[in-house]
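What follows is a short report on a single structure.
In each ligand, atom 1 is the first atom listed, and ligand 1 is the first ligand listed. This is a predicted model, so every value here is computed, not measured.
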Amino acid sequence: MGVKFIFVVGGVLSGLGKGIVTSSIGKLLQSYGYKVTAIKIDPYINIDAGTMRPTEHGEVWVTEDGGEIDQDLGNYERFLGKNIPKKHNITTGQIFLSVIQKERRLEYGGKDVEMIPDIINEIKHRIKSVIGDNDFVLVEVGGTTGDIENLPFLHAIRELGREHPSIFILVTYLPYLKNVGELKTKPTQHAAARLREVGIFPDFIVTRSERRIDEPRINTISKRCFIEKENIIDDPDLESIYLVPLLFHEQGFGKKILKKFGLEPKTENGLKEWEKRVNNLLNSDRIVKIGVVGKYVAHGNSEHKDVYISVLEAIKHACAEIGVKPIIEQIQSTLVEENGTNMLRKYDGIVVPGGFGSKGTEGIIQAIKFCRENNVPFLGLCYGMQMAVIEFARNVCGMKNANTTEVDENTPYPVIDILPEQKKLVEEKKMGASMRLGAYPAILKEGTLVHRLYGKNEICERHRHRYEVNPEFIEKLEENGLVFSGVSPDRKLMEFLELPNHRFFVATQAHPEFKSRFEQPSPLFLGFVKACLEMPQQKTL
Ligand code: GLN
């Protein structure tokens with residue numbers, strides 16, 4: 001069977017959850033026995049998301065092969081349960097860079113290089129390069145129809161759509177106007193019209209909205225956007241993103257897509273396990289209350305929802321396996337600095353995720369001290385591990401003002417220091433895609449908690465950092481009771497640490513949250529949530 005393309009584009013506004021729509025369609029097709037992969041197109045000029053501020057762009061997702069990418073790739077991995085390499089993310093910057101480099105190498109044979117056909121061909125070439133043995137390639141075009149930025153990509157997918165079996169899906173937003181008490185379809189009509197300008201007629205329209213769509217609105221969209229009523233798919237706000245594949249399944253969306261290609265499901269019941277986990281997550285009687293203490297929670301007057309998205313999802317994945325309902329709260333670390341750690345008492349466990357720079361680090365260190373001294377489960381991720389080492393050095397080993405050189409270059413005890421190979425890169429301002437990135441192996445120490453949780457001697461997790469535990473201080477830290485339970489194969493880098501005689505005090509230089517999938521949670525998060533459930537006090541909703 002030749003490959004089939006499913007193009008997903010967005011109308012009206014961005015941030016609608018096109019990534020979840022794309023991932024959910026992928027999951028449905030997988031559940032019918034087809035091989036599926038997905039690509040995200042980001043029309044920005046950046047080569048990748050690695051140089052963007054977390055508060056600007058949300059989380060930077062790290063792929064197994066070291067790509068620093070838009071978080072939608074994370075959704076694809078979480079839903080599809082497979083690794084998606086970095087070439088599955090295409091940006092305008094990558095396309096232009098590659099075309100310009102080819103021109104410099106005379107690869108265009110002396111002719112003038114133009115948007116059409118050269119840029120368009122480069123985009124098509126990049127999309128086709130991921131086909132492999134997949135039955136379906138889902139291509140999500142970021143941004144909104146009508147933007148200048150995504151126009152070349154729309155032209156490219158229109159051409160691909162004529163060359164391969166393909167369908168087009170428009171994801172739009174229906175605002176609910178309280179004063180008239182109805183969902184409005186006009187922006188959707190405009191979005192469909194803009195798409196027609198580039199020659200794309202959507203096969204399906206997925207309507208995102210606060211509430212479910214009703215018959216009159218379906219009729220209007222059907223008439224004004226020239227689309228059959230059954231191909232308008234309802235996608236209202238739901239309690240969990242993991243409900244979306246089930247809602248689509250109920251509407252027969254997957255089978256309608258297959259029908260467009262003249263295909264039938266090869267298997268049924270492929271969503272049984274998924275459904276069970278959703279049920280565990282949403283309907284369990286037991287609850288667990290987890291605090292995530294981070295640097296990037298507040299943003300103006302609002303709270304960031306997606307800076308720590310993989311961490312939040314990894315907690316949920318563990319809860320869905322165990323059968324417990326999570327209540328997760330994000331806490332801005334500067335608040336702990338200002339108000340002390342009493343505010344942390346209501347949690348069964350604390351996670352400290354990754355971060356950069358000095359702001360809010362003292363609050364994080366206080367939060368870790370609170371966990372260590374009160375036997376409260378603690379999971380530290382990347383910066384979280386580095387902060388745990390600083391806390392231990394200061395408060396257990398008596399190294400006053402110990403710090404990371406990222407925060408204080410003149411600290412008397414630089415227990416965390418820049419990796420030697422990173423120093424040069426930073427001095428030369430080589431900042432893009434230059435951290436220690438992607439999956440690296442670690443050897444786990446037998447008899448430790450981390451070894452028990454993973455159940456093997458060698459594991460592989462993803463990384464994104466420039467700093468590391470300073471080897472000069474390892475002996476001193478160990479003498480005082482800190483156990484480095486996982487190290488790099490050459491034993492130079494400390495990858496995991498833990499404290500014996502503690503309910504759960506584990507940290508890693510890696511980002512295990514990037515390998516957690518809905519149907520295959522991370523062992524570290526599973527261990528953490530189980531430890532949280534052992535906390536004595538009863539928590540209520
Ligand atoms: N800022 C730290 C470093 O570069 C931690 C990075 C992170 O948490 N991802 O090593």
Side-chain angles (χ1 to χ4, degrees), residues 48-64 66-69 71 74 292-297 304 306-312 314 330 333 350-365 367-368 378-391 402-409 411 414-427 429-440 442 461-471 473 488 492-497 506-516 522 524:
D48 57 42
T51 54
M52 293 187 213
R53 222 179 298 137
T55 43
E56 196 69 37
H57 186 73
E59 173 187 275
V60 176
W61 171 260
V62 180
T63 60
E64 196 77 355
E68 296 172 288
I69 317 270
Q71 33 176 305
V292 177
V293 180
K295 291 165 57 84
Y296 311 114
V297 174
H304 259 300
D306 54 5
V307 173
Y308 304 122
I309 182 161
S310 296
V311 175
L312 308 184
Q330 305 189 96
S333 59
I350 300 287
V351 180
V352 174
F356 295 84
S358 57
K359 194 166 171 243
T361 50
E362 289 304 319
I364 290 177
I365 293 168
I368 297 173
F378 160 73
L379 178 61
L381 308 167
C382 203
Y383 218 24
M385 162 156 159
Q386 298 176 357
M387 293 296 133
V389 171
I390 295 167
E391 191 281 317
N403 218 326
T404 162
T405 49
E406 181 174 357
V407 173
D408 177 5
E409 276 189 41
T411 166
V415 287
I416 306 292
D417 199 8
I418 193 155
L419 286 159
E421 62 273 25
Q422 285 290 330
K423 209 172 174 132
K424 203 161 164 274
L425 292 167
V426 174
E427 277 164 10
K429 285 223 171 311
K430 291 193 176 141
M431 304 304 275
S434 68
M435 288 190 222
R436 181 169 177 253
L437 288 169
Y440 285 94
E461 293 284 8
R462 298 183 192 171
H463 292 70
R464 181 172 189 254
H465 63 122
R466 296 190 197 277
Y467 292 78
E468 176 63 36
V469 178
N470 186 342
F473 294 90
S488 61
K492 285 195 178 140
L493 305 177
M494 300 299 105
E495 294 281 14
F496 290 86
L497 67 74
V506 173
T508 171
Q509 189 53 72
H511 288 278
E513 66 272 23
F514 292 142
K515 284 226 199 174
S516 178
S522 154
L524 229 45

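At a cut-off of 3.5 Å, with distance as the only test, no side-chain donor of Thr508 or Glu461 sits close to an acceptor on the other residue.
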May I have every N or O pair linking ligand 1 to the protein at under 3.5 Å, one per line with atom names and distance?
{"unit_1": "ligand 1", "atom_1": "1 (N)", "unit_2": "Gly355", "atom_2": "O", "d": "2.9"}
{"unit_1": "ligand 1", "atom_1": "1 (N)", "unit_2": "Glu406", "atom_2": "OE1", "d": "2.7"}
{"unit_1": "ligand 1", "atom_1": "1 (N)", "unit_2": "Glu406", "atom_2": "OE2", "d": "3.0"}
{"unit_1": "ligand 1", "atom_1": "4 (O)", "unit_2": "Arg466", "atom_2": "N", "d": "3.0"}
{"unit_1": "ligand 1", "atom_1": "8 (O)", "unit_2": "Gly355", "atom_2": "N", "d": "2.9"}
{"unit_1": "ligand 1", "atom_1": "8 (O)", "unit_2": "Gly355", "atom_2": "O", "d": "3.4"}
{"unit_1": "ligand 1", "atom_1": "8 (O)", "unit_2": "Tyr383", "atom_2": "N", "d": "3.1"}
{"unit_1": "ligand 1", "atom_1": "9 (N)", "unit_2": "Arg464", "atom_2": "O", "d": "2.9"}
{"unit_1": "ligand 1", "atom_1": "9 (N)", "unit_2": "His511", "atom_2": "NE2", "d": "3.2"}
{"unit_1": "ligand 1", "atom_1": "10 (O)", "unit_2": "Gln386", "atom_2": "NE2", "d": "3.0"}
{"unit_1": "ligand 1", "atom_1": "10 (O)", "unit_2": "Arg466", "atom_2": "N", "d": "3.2"}
{"unit_1": "ligand 1", "atom_1": "10 (O)", "unit_2": "Tyr467", "atom_2": "N", "d": "2.8"}

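Remark: Arg436 engages Glu495 in a salt bridge, criterion side-chain N to carboxylate O under 4.0 Å.
Applying the side-chain hydrogen bond (donor to acceptor under 3.5 Å, both in side chains) criterion to His511, with sequence neighbours excluded, gives Glu513. Under the ring-ring contact (aromatic ring centres under 6.0 Å, His included) criterion, Tyr383 pairs with no residue, sequence neighbours left out. Listed by chain and number, the residues in a side-chain hydrogen bond (donor to acceptor under 3.5 Å, both in side chains) with Thr411 amount to none (sequence neighbours excluded).
Under a 3.5 Å cut-off, the side chain of Glu64 and the backbone N or O of Arg462 do not form any donor-acceptor pair.
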